[in-house]
Amino acid sequence: MKLQIKKLSKSYGRNQVLENVDFTFQEGKIYGLIGRNGSGKTTFFNALANDIEIDSGDILLDGDEARLEDIGYVLAAPNIPEFLTGREFLKFFLEINEGKLKNFKTIDEYFEMVGIESKDRDKIMREYSYGMKNKMQMLIHIISNPKILLLDEPLTSFDIVVQDEMKKLLKQLKKDHILIFSTHILEIAMDLCDEIVIIHNRKLELIDAKDLNKEDYKNKIIESLKDHTDA
């Protein structure tokens, strides 16, 4: 499975954010998307998720136009109905998607996937911590099982133990999916991702790790961002 971005451009008035972006993402990998503030990471994700109208270009999945149901988007700020309990929300989601979901599990099995404890499952989600709300948002997209999963800073709200649990879950998911992971924390990207892609000068560029140790790779990423930002 391949996600192909061809000649993708997006501007806001006179501000050109993306310009003729060409890139191919492959199934079975987690891609880390790294860029300076304002470099266009969010615009790129919004374009893939069809949340904004692009100026030109194509977003293709195995040669055909990517469909809305093919793409899941885990936002940086969780967006869930906080007036429901975790169980009510999950039950409602499963009911309205009945017949669409594969490998159906029980509600409690889904909670266990992301480490929501029994004592919290029947609480109003307004009382959830930020990290727990983020877990619920991520769980919904995991259940929906889109072919492409966009993750915008999904781990920064978790403590170090939960981060480790979620990294293991994402590494399991990548087998049959394309995962694109946006973060400001380079160490998380290097630990979790198979490929690092930087966004600069309105384009995407793969940073090759071949023949580099971890420290040299980190320095290469930082220098690439500096060089192109100052250009």
Side-chain angles (χ1 to χ4, degrees), residues 1-11 16-35 39-76 79 97 100-103 137-155 166-167 169-184 186 188-210 221 224-225 228:
M1 180 169 60
K2 293 181 181 181
L3 173 64
Q4 293 174 290
I5 314 301
K6 294 188 174 184
K7 304 298 181 186
L8 175 64
S9 294
K10 175 62 183 177
S11 61
Q16 187 80 42
V17 181
L18 303 171
E19 185 176 13
N20 291 326
V21 173
D22 285 304
F23 202 87
T24 298
F25 297 92
Q26 301 273 357
E27 176 182 358
K29 292 184 178 182
I30 302 176
Y31 292 85
L33 184 63
I34 305 290
S39 61
K41 297 188 299 296
T42 299
T43 295
F44 181 64
F45 272 10
N46 286 340
L48 295 187
N50 200 30
D51 287 343
I52 57 173
E53 184 177 349
I54 61 175
D55 299 334
S56 60
D58 295 294
I59 300 168
L60 306 175
L61 185 61
D62 288 338
D64 296 320
E65 185 175 349
R67 302 172 302 170
L68 191 59
E69 57 266 33
D70 291 329
I71 301 174
Y73 189 1
V74 179
L75 301 170
N79 182 19
N97 287 283
K100 299 179 184 177
L101 304 176
K102 298 178 181 179
N103 303 317
Q137 178 185 222
M138 190 177 293
L139 179 58
I140 292 304
H141 289 287
I142 290 171
I143 294 171
S144 299
N145 197 33
K147 295 176 180 179
I148 302 156
L149 192 57
L150 310 176
L151 303 127
D152 188 6
E153 300 280 354
L155 301 184
M166 299 310 293
K167 285 177 185 178
L169 179 58
L170 292 173
K171 286 178 180 179
Q172 292 172 6
L173 285 175
K174 75 177 184 178
K175 180 182 177 183
D176 302 311
H177 301 80
I178 296 169
L179 274 63
I180 308 174
F181 183 100
S182 170
T183 182
H184 286 87
L186 185 54
I188 290 179
M190 291 177 64
D191 180 51
L192 175 65
C193 300
D194 301 292
E195 305 280 8
I196 300 293
V197 180
I198 62 171
I199 182 166
H200 62 81
N201 283 358
R202 303 173 293 279
K203 290 181 171 53
L204 302 187
E205 178 184 330
L206 181 68
I207 301 297
D208 190 0
K210 185 178 180 182
I221 295 167
S224 294
L225 289 169
H228 292 288

Backbone of [Y] reached by a side-chain donor or acceptor of [X] within 3.5 Å:
X	Y	result
Lys41	Ile199	no
Lys203	Glu19	yes
Glu153	His184	yes
Gln137	Leu75	yes

* side chain to side chain contact (heavy atoms under 4.5 Å, CB included) assessment of Arg202 paired with Val17 -> CA-CA 5 Å; Arg202 303 173 293 279; Val17 181; 5.8 Å; no
Is the shortest side-chain heavy-atom distance between [X] and [Y] below 4.5 Å?
X	Y	answer
Lys29	Leu179	no
Thr24	Ile5	no
Leu33	Phe45	yes
Leu206	Phe23	yes
Leu149	His141	yes
Leu8	Phe44	yes
Val74	Asp152	no
Leu3	Ile71	no

* Asked: Phe181 and Tyr31: aromatic ring centres closer than 6.0 Å?
  ->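 No, the ring centres sit 6.0 Å or more apart.
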* Evaluation steps, side chain to side chain contact (heavy atoms under 4.5 Å, CB included), between Asn97 and Ser144 -> CA-CA 8 Å; Asn97 287 283; Ser144 299; 5.7 Å; no
* Enumerate the residue pairs fulfilling salt bridge (Lys or Arg N to Asp or Glu O under 4.0 Å) with a member in residues 172-183, sequence neighbours excluded, ordered by first and then second residue. =>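 Of all non-adjacent pairs touching residues 172-183, those that pass salt bridge (Lys or Arg N to Asp or Glu O under 4.0 Å) are Lys174-Asp194.
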Nearest 0.5 angstrom please: [X] [atom1] to [Y] [atom2], how far?
X	Y	atom1	atom2	value
Asp22	Leu204	CG	CG	9.5 Å
Met166	Ile188	CE	CD1	12.5 Å
Phe25	Ile178	CZ	CD1	8.5 Å
Leu18	Asn201	CG	CG	12.0 Å
Leu151	Leu170	CG	CG	6.0 Å
Asn145	Glu69	CG	CD	12.5 Å

* **Closest heavy-atom pair and its distance - Gly35, Leu225** =>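 Where Gly35 meets Leu225 most closely, the heavy atoms are CA-CD2, 4.1 Å.
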* **Minimal non-hydrogen separation, Ile198 against Ser224, with atom names** =>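 Scanning both residues completely, I find the closest heavy atoms to be CD1-CB, 3.6 Å.
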Residues 51-63, side-chain donor-acceptor partners within the protein, below 3.5 Å, at least two apart:
unit_1, atom_1, unit_2, atom_2, d
Asp55, OD2, Ser11, N, 2.7
Asp55, OD2, Ser11, OG, 2.9
Asp62, OD1, Lys2, N, 2.8

* To do: Classify the side-chain pair Glu27/His177 by whether it contains a donor and acceptor separated by less than 3.5 Å.
  =>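 Looking only at side-chain atoms, His177 and Glu27 do not form any donor-acceptor pair under 3.5 Å.
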* Worked check of side chain to side chain contact (heavy atoms under 4.5 Å, CB included) between Val197 and Ile34 -> CA-CA 6 Å; Val197 180; Ile34 305 290; over 6 Å; no
* Take His200 and Ser39 through the side chain to side chain contact (heavy atoms under 4.5 Å, CB included) test and state the conclusion after the steps. => CA-CA 6 Å; His200 62 81; Ser39 61; over 6 Å; no
